[in-house]
Each structure stands twice: as structure tokens, then as C-alpha cells.
Amino acid sequence: MNNLPFLETHFESNPESIAIIDNGKTFSYRLLELKIKAWENVFSTSPEGKVVAIKSDFSINSVSLLLYLITKKAIIVPISPESKNLDERIRISEAELFIDFTIDYPNIQLTGQKATHELISHLKTKQHPGIIIFSSGTTGTPKAAIHDFTSLLDRYSKPGKAYRSIVFLLFDHWGGINTLLHVLSKGGTACFIETREPDAVCEFIQDYKVDLLPSTPTFLNLLLLSKAAQTYDLSSLKTITYGTEPMHETTLKELNRILPNVKLKQTYGLTELGVMQTTSKSDDSLWLKVGGEGYETKIVNNILFIRTKSSILGYLNAENPFDSEGWYNTGDLVEVDGDWIRFLGRDSDMINVGGQKAFPAEIESTLLSCSIVGDCIVFGEKNPFTGMHVACDVLLNNSSIDINEARNIIKNHCKGLLDSYKIPVRINFIDKSKISERFKKIRKR
């Protein structure tokens with residue numbers, strides 16, 4: 001199939017193998033191929049070379065459409081149902097067609113816009129498919145990053161192990177799309193679920209014998225809190241990958257304890273650069289190597305810089321993020337040990353206490369090692385003397401414990417494990433973890 005060489009083999013040699021499980025319904029590679037071809041008869045206006053926005057979660061319909069649009073050299077704008085400011089995203093991306101799977105199927109609308117941005121025109125001139133991914137920041141206008149899909153698809157041509165994997169990250173997240181394409185290109189099974197709550201995920205793993213779970217550290221901590229891993233049979237699960245935010249050592253150690261037969265692998269990727277190869281020092285270590293074929297890395301002032309030929313063409317609504325030599329400042333602060341690095345957190349999340357650096361992930365890991373703490377979020381607050389001080393929201397394991405007693409227990413626990421400036425000055429108690437729809441901690445106040 002044109003522009004889908006990584007799928008042709010499976011359409012021809014594994015037609016009856018299961019390609020997709022969509023909320024319990026199975027679709028073979030043969031049926032997926034038919035679904036892709038069926039879109040040819042749906043459009044009254046050809047999407048050839050058009051900018052097409054799709055509002056959907058992962059489903060057999062949205063995925064078959066995405067793959068069809070690649071064959072038509074379209075520029076795809078995936079939008080999850082949870083995304084805010086839909087009209088703004090359609091405007092910024094210069095989408096010429098909009099398809100909303102959350103209202104009806106198929107609901108195809110002409111937007112009346114003309115795609116004239118020079119980066120879009122560049123792809124149209126080359127007759128290459130593209131993809132526009134919006135940043136997932138919680139404040140301000142999201143940046144619209146545009147990729148040449150042709151260069152991204154090249155990485156899926158190599159053979160590899162076929163996994164049955166839940167596609168955990170959302171439809172408009174490059175990590176989610178990477179999981180989808182990686183699994184299908186290897187002849188595996190991509191699994192779509194209606195809810196990403198721990199019990200639902202574990203029940204799905206049990207019922208459909210899933211062997212790979214891509215996830216986030218926040219979700220994995222919720223998994224531990226829920227006790228779902230002990231409730232359901234997860235014996236089919238072979239690998240859990242985690243990324244998008246720093247992992248806590250406390251969480252990693254507990255996961256190793258309750259899931260001793262599951263490989264835990266840290267991943268790393270950015271919208272601007274794609275998903276990179278990683279090698280973890282061990283299952284219970286946060287030290288890793290990143291990069292691999294086609295990537296160069298360097299550390300400047302403890303910040304990771306990366307250069308690659310498969311980076312975005314640029315932003316549609318912001319300046320070029322690369323320096324004159326093509327290096328990208330990731331904003332990720334790292335600790336270095338020879339060839340190994342360990343992520344400390346985002347430069348923007350660092351708390352400067354009188355000139356001393358405090359990283360939320362380190363403090364959260366210490367808090368989570370306290371027996372009464374179920375979950376926590378650490379952030380900085382303004383302080384008239386030190387500029388900032390450390391504060392935190394804490395979810396207790398035991399709601400009946402006295403608040404003042406809990407506060408004393410937590411502070412005493414921290415005293416022997418953290419430098420004094422890292423110990424939270426203010427501790428708030430919450431009744432629910434503050435997380436985004438993407439299962440990441442919400443630190444902004």
C-alpha cells in the first residue's frame with residue numbers, strides 16, 4: 001500500500017493476525033487494510049495533500065483514517081477529545097478539513113481555511129505526508145510542531161518483536177502514535193481502551209493477555225495506590241515502559257517488588273525530536289543512555305541538548321527552536337556519570353531556594369517513602385527571604401490520621417533524608433491526586 005511499506009508485509013503474510021483490539025472488538029490485518037481502503041469512498045472532496053484535523057481518541061476508525069491519509073500525502077492534525085481550545089488549534093494548524101469522531105461517524109467538515117504557511121507549503125511541494133503535534137503545556141498558546149512524516153516512518157521499517165500492547169498515551173501525543181506505529185510495523189496487536197484508570201487497565205491486561213504497557217510515572221504510582229496489580233492476573237505482562245516525566249526511585253523500587261517478572265524500561269522522547277532509543281542500567285535504576293542511531297547528544301550546564309536529522313521542520317506559531325548548528329535545548333536537567341545520565345527534572349520546575357537547587361522529583365520520592373504518604377506533588381512558592389521555598393500537596397494513606405500529627409511525621413521523616421532547604425515549609429493535605437488527562441502531575445499553581 002502506497003506510503004505504508006511497514007504494513008504491506010503483514011497485510012500479505014499475516015492477514016488473519018489481530019492488528020487491533022478496540023474496546024474488546026478485534027480487527028485482523030486484513031480487516032484493517034479494508035478499513036483503510038474504504039475511506040476512499042467516504043470523502044466527497046479528496047484529502048490529497050490537504051491539512052486534515054482529526055478529533056478522536058484511538059479507535060479502529062481514527063487509526064484507519066490516519067493511515068489512509070498518510071497514503072494520500074495529507075498533513076494530519078490529531079486532536080484528543082480532552083484538548084482545549086479546539087477552534088484555536090484548527091486555526092493555527094490551517095486545517096482545511098476537520099473530522100470529528102466524538103459527534104458522529106464520519107463527520108467531515110470543510111473549514112474554509114487555506115493552508116499557506118511556508119512549512120506546510122514545503123511538504124505539499126515535496127508531496128510528503130506530514131503531522132502537526134501541539135505541545136501539551138498547561139499555560140499559554142500551545143506550540144504547533146510540524147514533522148515530515150516520511151522521515152519519521154523510516155524508523156519503523158526494521159523487523160522486531162511483535163507485542164500486544166495497550167496504546168496508553170493519547171491520540172494527539174507523539175508517544176501514543178509512536179506506540180501504534182511501532183506495534184503495527186512489527187505485526188503486533190495495538191489495544192485501545194475506553195478509560196485509562198488503573199483497574200480498567202489491569203482488567204484489560206488480564207482479559208486480553210497484554211504483554212507491553214507504555215505508561216507514565218504518575219499512572220504507575222496510581223497503580224500502586226489502587227492495589228490493582230495485586231487484584232488482577234498480570235502474568236502475561238512482560239514489559240512496562242515509562243516516560244514523559246521523571247520517575248521516583250521509591251515508585252520504581254515498589255514496582256520491582258510487586259511485579260518481579262516484569263521488565264521496567266525508561267523511555268525518552270520529545271515532540272520536536274521523536275522517540276529515541278534508550279538503555280537502562282538496570283530495571284531498578286534511573287540511570288540510562290539516550291540517543292541511538294541518528295541522534296547526537298551533549299550536556300551543557302547540566303542541560304541535555306540533542307541533534308538529529310528527523311527533528312521537526314519547525315513550529316507554525318513560534319520561532320525555530322534549534323541553534324545555528326542544529327542543536328535542540330531539551331530543558332531537561334541531568335546528572336552525569338560517564339556515559340550514563342539521570343534526569344533530575346525540567347529546568348522550569350526547579351525550585352531555587354536562596355541560590356540552592358531543589359528538584360521536585362527527588363523530594364517527592366522521599367515523601368513517598370514515608371509510610372503515611374500515598375501520593376504527593378512538590379512545587380515552589382515565593383518567599384520574601386529566600387526567593388522561594390518548597391511546598392507540597394500530600395494525599396495520605398490513612399484519612400483518619402490527625403493532620404497536625406501527619407505533618408510532624410512527614411517533616412521528621414524528611415529531616416534525616418533531605419537537606420534542610422529541600423524540606424517542605426508548607427504541607428497541604430488533599431483528598432485526590434492532581435493529575436492531568438495525560439496522567440502527568442500538575443505542578444502549576
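Keep in mind that the numbers below use all heavy atoms, side chains included, and drop hydrogens, waters and symmetry copies.
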Exercise. Do Leu395 and Val373 touch side chain to side chain, with heavy atoms closer than 4.5 Å?
Worked result: no
Exercise. Taking 4.0 angstrom as the limit, do Arg346 and Asp332 come out as a salt bridge?
Worked result: yes
For this session: Test salt bridge (charged side-chain N to carboxylate O under 4.0 Å, His left out) on Glu293 and Lys158 and set out the steps.
Result: CA-CA 13 Å; Glu293 184 180 350; Lys158 295 180 180 178; 2.8 Å; yes
Exercise. Lys265 and Thr278: side-chain donor and acceptor closer than 3.5 Å?
Worked result: yes
Exercise. Would you say Tyr242's side chain and Phe219's backbone share a donor-acceptor pair under 3.5 angstrom?
Worked result: no
For this session: Taking atom NZ of Lys143 as the centre, report whether more than 12 heavy atoms of other residues, nucleotides or ligands fall under 6.0 Å from it.
Result: no
Exercise. Is there a donor-acceptor contact under 3.5 Å from the side chain of Asn397 to the main chain of Ser371?
Worked result: yes
Exercise. Does any donor atom in the side chain of Asn107 or Gln109 lie under 3.5 Å from an acceptor atom in the other side chain?
Worked result: yes
For this session: Scan side-chain atoms only and decide if Asp172 and Ser83 contain a donor-acceptor pair under the 3.5 Å cut-off.
Result: yes
Exercise. Do Arg342 and Asp337 sit within salt-bridge range, that is, some charged N less than 4.0 Å from a carboxylate O?
Worked result: no
Problem set entry | Donor-acceptor pair between Trp287 and Ser280 side chains, under 3.5 angstrom | no
For this session: Please check if any side-chain donor atom of Thr308 sits under 3.5 Å from a side-chain acceptor atom of Ser311, or the reverse.
Result: no
For this session: Give a yes or no answer on whether the side chain of Asn23 reaches the backbone of Glu194 with a donor-acceptor pair at less than 3.5 Å.
Result: yes
Exercise. Taking the six-membered ring for Trp, are Phe171 and Phe58 parallel (under 30°), tilted (30 to 60°) or perpendicular (over 60°)?
Worked result: perpendicular
Exercise. Taking atom NZ of Lys209 as the centre, does the number of heavy atoms from other residues, nucleotides or ligands within less than 6.0 Å exceed 12?
Worked result: yes
For this session: Verify the distance criterion only: is there a donor paired with an acceptor across the side chains of Asn14 and His10 at less than 3.5 Å?
Result: yes
Exercise. Which pair of heavy atoms, one from Ser80 and one from Leu170, lies closest together, and at what distance?
Worked result: OG-CD1, 4.0 Å
For this session: Taking the side chain as every heavy atom from C-beta outward, state whether Ile20 and Val63 have any pair of such atoms under 4.5 Å apart.
Result: yes
Exercise. In this structure, are over 12 heavy atoms from other groups packed under 6.0 Å from Asn301 atom CG?
Worked result: no
Exercise. Any chance the side chains of Tyr315 and Glu272 put a donor and an acceptor closer than 3.5 Å?
Worked result: yes
Exercise. Can you find a heavy atom in the side chain of Leu252 that is under 4.5 Å from one in the side chain of Asn256?
Worked result: yes
Exercise. Salt bridge check: are Glu245 and Lys440 linked by an N-O gap of less than 4.0 Å?
Worked result: no
Problem set entry | salt_bridge(Lys432, Asp375) N-O dist < 4.0 Å | no
Exercise. For Lys357, does the NZ atom have more than 12 heavy-atom neighbours from other residues, nucleotides or ligands under 6.0 Å away?
Worked result: no
Problem set entry | Arg196 and Asp57 ion-paired at < 4.0 Å | yes
For this session: Could you tell me the separation between the CD atom of Gln356 and the OH atom of Tyr421, rounded to the nearest 0.5 Å?
Result: 5.0 Å
For this session: Indicate whether the side chain of Ser369 and that of Thr366 have a donor and an acceptor atom separated by less than 3.5 Å.
Result: no
Problem set entry | Flag if over 12 foreign heavy atoms under 6.0 Å of NZ, Lys298 | yes
For this session: Under the salt bridge (charged side-chain N to carboxylate O under 4.0 Å, His left out) rule, what do Arg257 and Glu254 come out as? Steps first, then yes or no, please.
Result: CA-CA 5 Å; Arg257 187 185 70 81; Glu254 183 64 10; 2.6 Å; yes
For this session: On the 0 to 90° scale, with breaks at 30° and 60°, tag the Phe6-Tyr156 ring pair as parallel, tilted or perpendicular.
Result: tilted
Problem set entry | Pairwise side-chain contact, Ile409 with Cys370, heavy-atom cut-off 4.5 Å (strictly under) | yes
Exercise. Taking the side chain from Thr189 and the backbone from Ile18, do they hold a donor-acceptor pair closer than 3.5 Å?
Worked result: yes
Seminar exercise, completed: From the list Thr241, Thr244, Ile240, side chain to side chain contact (heavy atoms under 4.5 Å, CB included) partner of Pro214 resolves to Thr241
For this session: Please check if atom NZ in Lys227 has more than 12 non-hydrogen atoms from other residues, nucleotides or ligands closer than 6.0 Å.
Result: no
Exercise. Okay, side chain of His413, backbone of Asn408: is any donor-acceptor separation there less than 3.5 Å?
Worked result: no
Problem set entry | Between Ser59 and Asn61: side-chain donor-acceptor atoms closer than 3.5 Å | no
